[in-house]
There are 2 protein chains.
Amino acid sequence: MRRRRAMAPPCWWRSRLREGGFRLTGPREAILQILSKVPAHPSAEEIFFLVKQLYPQVGLATVYRTLALLVNMGLIHKLDFGEGKARYELVQGPAAKEHHHHLLCIRCGKVIDCGEFGEKEREFLNKVEAPLSEKYNFQITNHSIQFYGICKECREKEG
Amino acid sequence: MRRRRAMAPPCWWRSRLREGGFRLTGPREAILQILSKVPAHPSAEEIFFLVKQLYPQVGLATVYRTLALLVNMGLIHKLDFGEGKARYELVQGPAAKEHHHHLLCIRCGKVIDCGEFGEKEREFLNKVEAPLSEKYNFQITNHSIQFYGICKECREKEG
DNA sequence: CTGCGTGCAAACATTTTGCACGATG
DNA sequence: CATCGTGCAAAATGTTTGCACGCAG
């Protein structure tokens, strides 16, 4: 077990793109590069600005098109916290390890990350995913759990 | 058990509005009326058209403003399945009884309702909600669980 | 060389906001 | 009768699409 050298599968996604019959282009590489580095769940616009630093001539439409492609290929997850915009995360990326969910305040819209319930969550999912998958003939690739409510600050303000 | 007369709690929400210091207006009544009758999770636009049948002069902006008000008051839940628009449901309404979650296809966007895991879900939530609520000082009023993946039809189409 | 993928700009869809009028309490 | 709430229209925001050009294979 002595592989110490940063794991670095330099571009594990290239083969995936080829397999799918898609071309390997600058924008796509840049976007995947960014996604594999960014820790949190960036929105399309955030990704756009990050990619621009790496590949300045990129257009926002390309970011959207590439993200849609990657979602369909199953390389990234599209998340929606009800903010009016989507967020994205690499399936096998930094965020995948720190898999977490969210508390969403219905007053101020604040999003609190919470990653504490790993064990209980897995237990629950193990019980639930297989039957669902079978019953609906649906191949589950990801899940997302949100709790809605009122945050500390909003409760203090308005009672 | 012979109450046959439609249950009709004529307007349980009026007091709630008053308590909050809000006026009791036509549009608000109409919107709550609709929400308490509709079974599924209507979008703002769907609500708008339904309310129009009951209160024709209503404007779409009022629907949005009222929905935001009701969310803040905790009378309705705002849901987002990543379709680019929000959906709403009454907290204590028909949908509340048939509490369910969703399978979302990342290929075609299909939304499949699934309501089968009541017991396991409650078990999980019981374990998880209290600690979360305490740790983040967050009053949980609702939750939402989604599974993302690829539906039967899309798998058949594209392998 | 043949398209697929791209950048740009315009189109779209949903939601929010500004304003003057009207209704509620 | 003082505001709060409303309808309308315009603006803002996020995402998609049409088109001609250029690069990957």
Side-chain angles (χ1 to χ4, degrees), chain A residues 11 13-32 34 41-49 51-52 54-73 75-76 78-88 106-109, chain B residues 11 13-32 34 41-49 51-52 54-73 75-76 78-88 106-109:
Chain A
C11 293
W13 54 72
R14 291 190 176 168
S15 48
R16 299 288 304 264
L17 281 174
R18 285 268 170 64
E19 283 164 29
F22 300 106
R23 291 184 178 172
L24 193 49
T25 68
R28 285 177 183 168
E29 293 243 50
I31 289 168
L32 280 157
I34 290 300
H41 314 284
S43 66
E45 208 184 7
E46 285 163 356
I47 293 169
F48 173 57
F49 286 123
V51 171
K52 261 184 118 73
L54 197 60
Y55 194 95
Q57 69 269 38
V58 77
L60 180 55
T62 298
V63 172
Y64 276 108
R65 280 186 286 228
T66 302
L67 291 171
L69 172 70
L70 298 176
V71 168
N72 276 350
M73 294 185 60
L75 293 187
I76 64 176
K78 179 178 182 176
L79 310 172
D80 198 314
F81 306 150
E83 307 161 288
K85 63 187 165 193
R87 297 184 167 276
Y88 300 84
I106 59 179
R107 291 269 164 83
C108 64
Chain B
C11 294
W13 55 72
R14 291 191 176 168
S15 48
R16 298 288 304 265
L17 280 174
R18 284 269 170 61
E19 283 165 26
F22 300 105
R23 291 182 179 173
L24 194 50
T25 68
R28 284 174 185 172
E29 294 243 50
I31 288 167
L32 280 157
I34 290 300
H41 316 284
S43 66
E45 207 184 8
E46 284 164 357
I47 293 168
F48 173 58
F49 286 122
V51 170
K52 261 184 118 74
L54 197 62
Y55 194 96
Q57 69 269 37
V58 77
L60 180 55
T62 298
V63 171
Y64 276 106
R65 280 185 287 229
T66 303
L67 290 171
L69 172 69
L70 298 176
V71 169
N72 276 350
M73 293 184 63
L75 292 186
I76 64 176
K78 179 178 183 178
L79 309 173
D80 198 312
F81 306 150
E83 306 161 290
K85 63 188 167 192
R87 298 186 166 276
Y88 300 85
I106 59 179
R107 291 270 165 82
C108 65

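Below, chains carry the letters A, B, ... as their sequence lines are ordered, and counting in each starts from 1.
Comparing Gly26(B) and Glu45(B) by the nucleotide of DNA chain C whose heavy atom lies nearest to each, the residue mapping closer to the 5' end is Glu45(B). Comparing Leu24(B) and Gly59(A) by the nucleotide of DNA chain C that holds the closest heavy atom to each, the one mapping nearer the 5' end is Gly59(A). Of the two residues contacting DNA chain D, namely Arg65(A) and Ser43(A), the nearest-nucleotide position lying further toward the 5' end is that of Ser43(A).
For the pair Val51(A) and Thr62(A), the minimum side-chain heavy-atom distance is 4.5 Å or more. Put simply, the side chain of Val63(A) does not reach to within 4.5 Å of the side chain of Glu45(A), judged on heavy atoms. With a 4.5 Å cut-off on side-chain heavy atoms, Phe22(A) and Arg16(A) do not count as touching.
Tyr64(A) places its OH atom 17 Å from the P atom of dA9(C), with the value rounded to the nearest Å. With rounding to whole Å, Leu69(B) atom CG is found 15 Å from dT17(C) atom P. In this structure, Leu79(B) atom CG and dT15(C) atom P are separated by 12 Å, rounded to whole Å. Between Leu60(A) atom CG and dA11(C) atom P there is a gap of 17 Å when expressed in whole angstrom units. One interatomic measurement links the two molecules: CD1 of Ile47(B) to P of dT14(C), which rounds to 13 Å at whole-angstrom precision. Atom CZ in Arg14(B) sits about 10 Å away from atom P in dG25(C), given to the nearest Å. Residue Lys52(A) contributes atom NZ, which lies 14 Å from atom P of dT6(C) at whole-angstrom precision. Distance CG (Leu67(A)) to C1' (dT6(C)): 15 Å, rounded to an integer number of Å.
At a threshold of 4.0 angstrom between heavy atoms, the contacts of Phe48(B) with the nucleic acid are absent. Looking at heavy-atom distances under 4.0 Å, Ala44(B) makes contact with sugar-phosphate atoms alone, never a base. Note on Ala68(B): nothing from the nucleic acid sits closer than 4.0 angstrom, heavy atoms only.
Between Thr62(A) and dG5(C), a side-chain N or O to OP1/OP2 separation shorter than 4.0 Å is absent.
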As a quick check of understanding, evaluate side-chain contact (heavy atoms from CB on, under 4.5 Å) for Met73(A) and Glu19(A), giving each step before the final call. CA-CA 10 Å; Met73(A) 294 185 60; Glu19(A) 283 164 29; over 6 Å; no

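Between chain A and DNA chain D, the heavy-atom contact criterion of under 4.0 Å yields a 5' to 3' nucleotide range of dG14(D) to dG25(D).
A distance-only check finds a donor-acceptor pair linking the side chain of Arg28(B) to the backbone of Arg23(B) [under 3.5 Å].
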